[in-house]
Visitor: 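Quick one: this structure, given as structure tokens, is what I'll be asking you about.
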Amino acid sequence: MIPVNEPLFIGNEKKYLNDCIDSGWVSSEGKYVKEFEDALSSYYNMKYAVSVTNGSVALELAIESLEFNPGDEIILPSFTIISCLSPILRNNLKPVFVDQDISTWNMDVNQIEKLITPKTKAIMVVHIYGLPVEMDKIIFLSKKYKLKIIEDTAEVQGQTYKNKLCGSFGDVTTLSFYPNKHITTGEGGMVLTNNEDIYNKLCSLRNLCFNKERRFKHYELGYNARMSNIQAAVGLAQFENISIFIKRKREIGHKYLELFKNLKGVQLPTARTDYAENIFWVFGIILHENLKPFYENIINQINLEGIGTRPFFFPLHQQPVLKKYNLFDENLKLPNSELMSDLGFYIPSGLSLKEEEIIKVSEVVIKVVNKYNQNFEV
Ligand SMILES: Cc1ncc(COP(=O)(O)O)c(C=O)c1O
């Protein structure tokens, strides 16, 4: 099976890990945690970086650190992972969903302003699959309505918007280092901010809200969300090669675009916009609506030929778990998010993917899709 993702370890990972073992420093107090945080805060040009256990927890801490009031509204894309929604619901906030732009696969920034009410307090920007969200519009709205920006940069580490790094726009920014991301720590995440108060709050939340007055006495509840020295050692070594990884991701993306250029019945990722070059975190494919009845068959047949796939996200506004919160009209329709979820999937594009595997994947996908294309004028 060619897996959808496989990380690549070509740098100092073993050396730094050995150092952790040899020195006995394996907990969050080891030196690599600070070194990894410093490396990322300077890369993103953000004053503070707080490493945590994963990208989902990074979002939990990010939302809590902004100290919203119950009932405040957060605007976010429907087409994203549940990790974006969970902290909103857990903090008794109201999610307000935006549909996607069908060409960039990102939140449609032109639909945001009409959703803003006096209760809106933040926009959660989630850069999806490889192109950045159109940040100019987000910045304009955040200034006009005094909204915070929460920037989830898990999927586009190293990507830029108009030559400025994604991740450097948020009041708080979150990263994930799960092995399918551009750099990995096994499990891991980070929160970035320029605001000292937010930083202090994040540090406190990450470390069980211990206080200086008396250890083990607590005025607030926090989490143990500390990253270990072992994770940070791997993260630092991975980060040293981030530009190689980004280049490779782009090469894989362009290679697939070339191989699929004559394939009918599919929508492929947009290679570039006037503000960014796609970084192809994953290589997504959206089937033509005519192929909808065969979505499962197509995926199954690709898998049977030894090629791993993943379906696209399931839209948040249709998540069964939302029902019990009774927060909005259950008949809400966000057609592009629904279409992407119904017809989209992605194929192997991990950093360890070899040239012959790219060819093999494309041959299988072309064969299977064409088999169903025969029935239609697509
Ligand atoms: C956009 C986005 N945010 C957050 C996460 C969660 O990160 P983690 O898996 O590290 O919890 C992911 C995971 O893939 C993601 O794609």
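Whatever order the structure lists them in is the order used to number ligands and atoms, beginning at 1. Just so it is clear, the values below take in all heavy atoms, side chains as well, and ignore hydrogens, waters and symmetry mates.
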Visitor: Which residue and atom name correspond to the protein heavy atom nearest atom 16 (O) of ligand 1, and how close is it?
Guide: E155 OE2, 2.6 Å
Visitor: Under 4.0 Å from any heavy atom of V126, which atoms of ligand 1 are there?
Guide: 1 (C)
Visitor: Quick check: does K181 get an N/O under 3.5 Å from an N/O on ligand 1?
Guide: yes
Visitor: Please report which non-hydrogen protein atom sits nearest to atom 2 (C) of ligand 1, along with the residue it belongs to and the distance in Å to one decimal place.
Guide: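 For atom 2 (C) of ligand 1, the nearest protein heavy atom is D152 OD2, 3.4 Å.
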Visitor: Judged on heavy-atom distance to atom 8 (P) of ligand 1, which of G55, C84, A58 sits nearest?
Guide: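 It is G55 that holds the nearest heavy atom.
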Visitor: Strictly under 6.0 Å, is that where the ring centroids of F239 and F36 end up?
Guide: no
Visitor: Have H127 and E151 got a donor and an acceptor in their side chains that come within less than 3.5 Å?
Guide: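 Side-chain D/A pair, H127 to E151: present.
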Visitor: Kindly confirm or rule out a cation-pi arrangement of K14 over F9, judged by NZ or CZ under 6.0 Å from the six-membered ring centre and within 45° of its axis?
Guide: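 No; the conditions do not both hold, so K14 does not lie above the ring face of F9.
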Visitor: Taking 4.0 Å as the limit for heavy-atom contacts, which would you say applies to S56 with ligand 1: side chain only, backbone only, both, or neither?
Guide: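 Both the backbone and the side chain of S56 come within reach of ligand 1.
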Visitor: Is the distance between the ring centroids of Y219 and F210 less than 6.0 Å?
Guide: no
Visitor: Quick check, are the ring centers of F280 and H254 under 6.0 angstrom apart?
Guide: yes
Visitor: Got an N/O contact under 3.5 Å between S176 and ligand 1?
Guide: yes
Visitor: Taking the six-membered ring for Trp and the single ring otherwise, decide whether the centroids of Y346 and F283 are under 6.0 Å apart.
Guide: no
Visitor: Under 4.0 Å, heavy-atom basis, I'd like to know which part of N54 is in contact with ligand 1: side chain, backbone, both or neither.
Guide: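 Looking at N54 and ligand 1, atoms from backbone and side chain both fall under 4.0 Å.
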